[in-house]
Colleague: 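My questions will all concern the structure given below.
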Number of protein chains: 2
Amino acid sequence: MVPETGNRGVDATDENTGQTPQVPEPRKRKRLPRSEREQMIVEEAIRFFAEVGFEGQTRELARRLDITQPLIFRYFPTKEDLIERVYQEVYLSRWNPWWEELLEDRSQSLLGRLTDFYKAYAKAIFTYEWVRIFVYSGLKGVNINKRYLGLIRDRVLKRIMGELRAAHDLPTPEEIPFSEAELELAWGLHGSIFYIAIRKWIYEVEIPSDIESVIAVEAESFVNGAPKVVARLIGEQKRRTPGPHASTGR
Amino acid sequence: MVPETGNRGVDATDENTGQTPQVPEPRKRKRLPRSEREQMIVEEAIRFFAEVGFEGQTRELARRLDITQPLIFRYFPTKEDLIERVYQEVYLSRWNPWWEELLEDRSQSLLGRLTDFYKAYAKAIFTYEWVRIFVYSGLKGVNINKRYLGLIRDRVLKRIMGELRAAHDLPTPEEIPFSEAELELAWGLHGSIFYIAIRKWIYEVEIPSDIESVIAVEAESFVNGAPKVVARLIGEQKRRTPGPHASTGR
DNA sequence: GTTTTTAATTATCGATTGATCACAAATTGA
DNA sequence: TCAATTTGTGATCAATCGATAATTAAAAAC
C-alpha cells in the first residue's frame with residue numbers, strides 16, 4: 001500500500017513511467033485569510049458537488065482547490081456541514097422579490113408579464129450548479145426542496161392564476177378559491193419551462209440556444225389555452241356549490 | 001475492528017445490550033435456480049438503487065435480499081454490470097408501440113388522443129423506480145437517457161405536432177418542416193406532464209391523487225393554446241422562405 | 001444410498017474514505 | 001528581531017467498500 005500523503009493531487013503512483021522522475025514540486029504554500037479560504041472551498045464545493053453529486057470525495061475536492069484534504073476539515077467539521085453550507089449558498093438570496101411585483105404590474109399584458117418573469121427567473125436560477133444541486137438534494141430528500149416548491153406555489157403560481165382570472169373578468173380567489181386542477185395548470189406552465197433546464201443540465205441534451213424565445217412561445221401557448229380551461233373549472237365549481245364556498249384555496 | 005461475516009444483515013455489533021444474547025439464528029440456507037435468484041437480485045437492485053442511487057452499497061442490497069454479499073458477485077461480475085442490467089430491465093420493453101398508433105387514430109379528437117396517450121404513458125412509466133432511476137442515470141451522464149429522449153422526440157412529439165397541424169389544416173411536415181420553436185411547444189406539453197412525476201417521485205411533495213385528471217387538464221390547455229402559436233410560427237416561416245423550404249425537420 | 005454438481009456462505013484482501021493530530025511554516029504584533 | 005498566533009501539511013487511523021478464494025451444503029444425477 002502506498003503511504004498516503006496530503007500532497008495536493010500529486011498522485012503517489014508513478015504514472016509517467018520511463019519519464020524523468022517528475023519531482024514532487026515543493027510548491028509554495030499559500031496562506032489566505034480565513035474568510036477568503038472558506039469562500040474558496042464553498043464555491044468549488046458547489047461546482048464539484050453539482051457535477052458528481054454529494055458522494056463526491058473530499059480528496060478530489062481538495063485536489064481541485066489545490067489544497068490538502070485535511071484543510072477542508074479545518075473549515076468544516078464534517079463533510080455534511082460543508083454540504084449544508086452549499087445548500088445555503090445555492091438557495092439563499094437567489095430569490096428576487098421584484099419578481100412578485102412584476103407579475104402584478106397590470107400596465108403590461110399578462111403575456112408580457114409572464115414572459116418577462118420567466119426570462120428573469122430563468123436567468124437567475126437556470127445554471128448548471130443550481131439545477132443539478134436542486135435535483136441532487138431532491139433525490140436525497142432534503143426538505144429545503146419542499147420549502148422551495150411551496151414558495152413557488154404561493155408566491156408565483158397563485159399570483160399567476162390570480163392575474164389570469166383578473167385578465168378575463170373571472171371571480172377573485174377570495175370569491176372562489178383556487179381548485180387543485182386550476183393550480184395544476186400553473187404547475188404545468190412552470191414545469192414546461194423548468195423542463196428546459198432539466199433537459200439541458202440533467203440529461204445534457206441539445207436544446208435551442210435561445211432559451212428566452214422558447215419561454216416566450218411557452219407562455220404564449222399558456223395564455224392562449226389556459227383561460228378557457230379555468231373558466232370551465234370555475235363554472236363547474238360554481239354549479240356544484242352555489243352561494244358561499246368552502247373549497248381549499250390551499 | 002469487528003471481523004466481517006457474510007451473515008445476512010445480522011449485525012455483529014451488539015445493539016440489544018442487556019437483552020438475551022440473541023443467538024445468530026443459523027437460518028436455513030435457501031437454494032434457488034440460477035435464473036430465479038438472478039431475477040430476484042435484479043428486481044431488488046432496481047428498488048434499492050432507485051431509492052438511494054447507484055452509490056448504494058452491495059452489502060445493504062444483500063441485506064435486503066436476505067443473502068450474503070458475495071453471492072451478488074456470483075451472478076454479476078462487477079457492480080457496474082449489475083447497474084447495466086438494471087438499466088436494461090427498467091428501460092427495455094416498457095415502450096408500447098401501440099401508443100404511436102393511438103396518436104394517429106383520427107377517428108378520435110386530438111384532445112382525446114392526447115389525453116389517452118399520456119394517461120397510458122403515465123400509467124406505464126410514472127413509477128417510483130422508473131422516474132428516479134431515469135434521473136439518477138441522467139445525472140451520471142449515461143447515454144441511454146439521451147437515446148430515450150430522442151425516442152420521445154421522434155416517435156411522440158413530432159407525431160403530436162403532425163396531428164396538431166392536420167387538425168387545423170396546416171401544412172404537413174413534408175411541406176414545411178418542424179421548426180425548433182414548434183417542437184419546443186411539444187416539449188412543453190411533455191415537460192408539463194413529466195414534471196408531475198418529478199414533483200411526486202424526486203421532490204416527493206404532495207400532488208393531486210388523481211393524476212389522470214391533471215393530465216386531461218394539461219392536454220386541454222395545450223390543445224386550446226398551441227395551434228394559434230403554431231399557425232403564427234408557420235406563417236413567419238413561410239414569409240421568410242417562400243417557395244421550396246430548407247429548414248431542419250430535425 | 002452414493003456421487004456429482006453447483007448454489008451459497010465464511011473469511012479475508014487491498015483500496016478508499018472521512019476524519020484526527022502533531023508539527024511545520026507563514027503572518028502578525030511587540 | 002523574536003515570540004505569539006494562525007494557516008496549512010504530513011502521517012495515519014478506523015471504518016467501509018468492491019471483490020476474491022476456499023469451503024460448506026443442498027439438490028440433481030446415477
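So that the names make sense, note that chain A is the first sequence line, chain B the second, and so on, each numbered from 1.
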Colleague: Nearest to the side chain of A/Pro70 - C/dA7, D/dG10, C/dT16?
Modeller: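 Nearest to the side-chain atoms of A/Pro70, counting from C-beta on, is D/dG10.
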Colleague: Whole angstroms only, please: what is the CD1-C1' distance between A/Ile72 and D/dT9?
Modeller: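 Rounded to whole Å, this separation is 13 Å.
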Colleague: Return no unless some side-chain N or O of A/Tyr75 is found under 4.0 Å from OP1 or OP2 of D/dG8.
Modeller: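 Looking at the OP1 and OP2 atoms of D/dG8, one of them is under 4.0 Å from a side-chain N or O of A/Tyr75.
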Colleague: Measure the distance from CD on B/Gln69 to P on C/dA11 and round it to the nearest whole Å.
Modeller: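 Nearest whole value for this atom pair: 14 Å.
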Colleague: Rounded to the nearest angstrom, tell me the gap between atom CE in A/Met40 and atom P in D/dT7.
Modeller: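 Taking atom P of D/dT7 as the reference, CE of A/Met40 is at 15 Å.
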Colleague: Look at the side-chain N and O atoms of B/Arg37 and state whether any lies under 4.0 Å from the OP1 or OP2 oxygen of C/dA8.
Modeller: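 Looking at the OP1 and OP2 atoms of C/dA8, one of them is under 4.0 Å from a side-chain N or O of B/Arg37.
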Colleague: From C-beta outward on A/Leu71, which listed nucleotide comes closest to its side chain: D/dG8, D/dA25, C/dT17?
Modeller: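 My answer, after comparing the listed nucleotides, is D/dG8.
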Colleague: Kindly assign one of parallel, tilted or perpendicular to the pair A/Tyr87 and A/Tyr91, based on the angle between their ring planes and the thresholds 30° and 60°.
Modeller: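 Parallel.
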Colleague: Measure CD/B/Gln57 against C1'/D/dA15 and give the value in whole Å, please.
Modeller: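 Checked: the CD to C1' distance equals 11 Å.
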Colleague: When you look at A/Gln69 and A/Thr58, which way does the side chain to side chain donor-acceptor pair (under 3.5 Å) test go after all the steps?
Modeller: CA-CA 6 Å; A/Gln69 180 249 6; A/Thr58 55; 3.2 Å; yes
Colleague: Rounding to an integer number of Å, can you tell me how far A/Leu32 CG sits from C/dA25 P?
Modeller: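 Rounded to the whole Å, the gap is 18 Å.
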Colleague: Restricting both atoms to N or O, compile the protein contacts to nucleotides 28-30 of chain D shorter than 3.5 Å, with distance only.
Modeller:
none

Colleague: Is a side-chain N or O of A/Lys79 found less than 3.5 angstrom from the main chain of A/Gly56, in a donor-acceptor match?
Modeller: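 Side chain of A/Lys79 to backbone of A/Gly56, a donor-acceptor pair under 3.5 Å: yes, one is there.
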Colleague: Using atom NZ of B/Lys79 as one end and atom P of D/dT20 as the other, report the distance to the nearest whole Å.
Modeller: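 The answer, rounded to whole Å, is 15 Å.
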Colleague: Between C/dA8 and B/Thr68, is there an OP1 or OP2 to side-chain N/O distance shorter than 4.0 Å?
Modeller: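 No, no such contact exists.
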Colleague: Rounding to a whole Å, what distance do you find between A/Glu80:CD and C/dT17:C1'?
Modeller: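 It is 15 Å, rounded to the nearest whole Å.
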Colleague: Kindly say whether, by distance alone, the side chain of A/Arg34 makes a donor-acceptor pair under 3.5 Å with the base of D/dT7?
Modeller: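 No, no donor-acceptor pair under 3.5 Å.
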Colleague: Please, which pairs that meet side-chain hydrogen bond (donor to acceptor under 3.5 Å, both in side chains) have at least one residue in residues 193-202 of chain B, sequence neighbours excluded?
Modeller: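 side-chain hydrogen bond (donor to acceptor under 3.5 Å, both in side chains) check on residues 193-202 of chain B returns A/Glu184-B/Arg199.
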Colleague: Would you call the rings of A/Trp130 and A/Phe134 parallel, tilted or perpendicular, where under 30° means parallel and over 60° means perpendicular?
Modeller: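 Correct class here is parallel.
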Colleague: State which of D/dT9, D/dG18, C/dT17 makes the closest approach to the side chain of A/Ile67.
Modeller: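 That would be D/dT9.
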Colleague: Among the candidates C/dA26, D/dT20, D/dA25, find the nucleotide nearest to the side-chain atoms of A/Arg31.
Modeller: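 The answer is C/dA26, which lies nearest to the side chain.
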Colleague: Please report, rounded to the nearest Å, how far the C1' atom of C/dA7 is from the CG atom of B/Leu65.
Modeller: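 Atom-to-atom, B/Leu65 to C/dA7, this comes out as 15 Å.
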Colleague: Is it true that A/Glu38 and A/Arg34 have a side-chain N and a carboxylate O under 4.0 angstrom from each other?
Modeller: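 No salt bridge links A/Glu38 with A/Arg34.
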Colleague: What's the closest nucleotide to the B/Arg59 side chain, out of C/dT20, C/dA7, C/dT12?
Modeller: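 It is C/dT12.
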Colleague: Counting C-beta onward and ignoring hydrogens, is there a side-chain heavy-atom pair between A/Trp99 and A/Val156 closer than 4.5 Å?
Modeller: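 Sidechains of A/Val156 and A/Trp99: no contact.
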Colleague: Hey, can you tell me if A/Phe126 and A/Phe194 have their rings parallel, tilted or perpendicular (30° and 60° cut-offs)?
Modeller: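 Perpendicular.
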Colleague: Select from B/Arg74 and A/Gly56 the residue whose nearest nucleotide in DNA chain C is closer to the 5' end of that strand.
Modeller: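 First, find each residue's nearest nucleotide; the 5'-ward one identifies B/Arg74.
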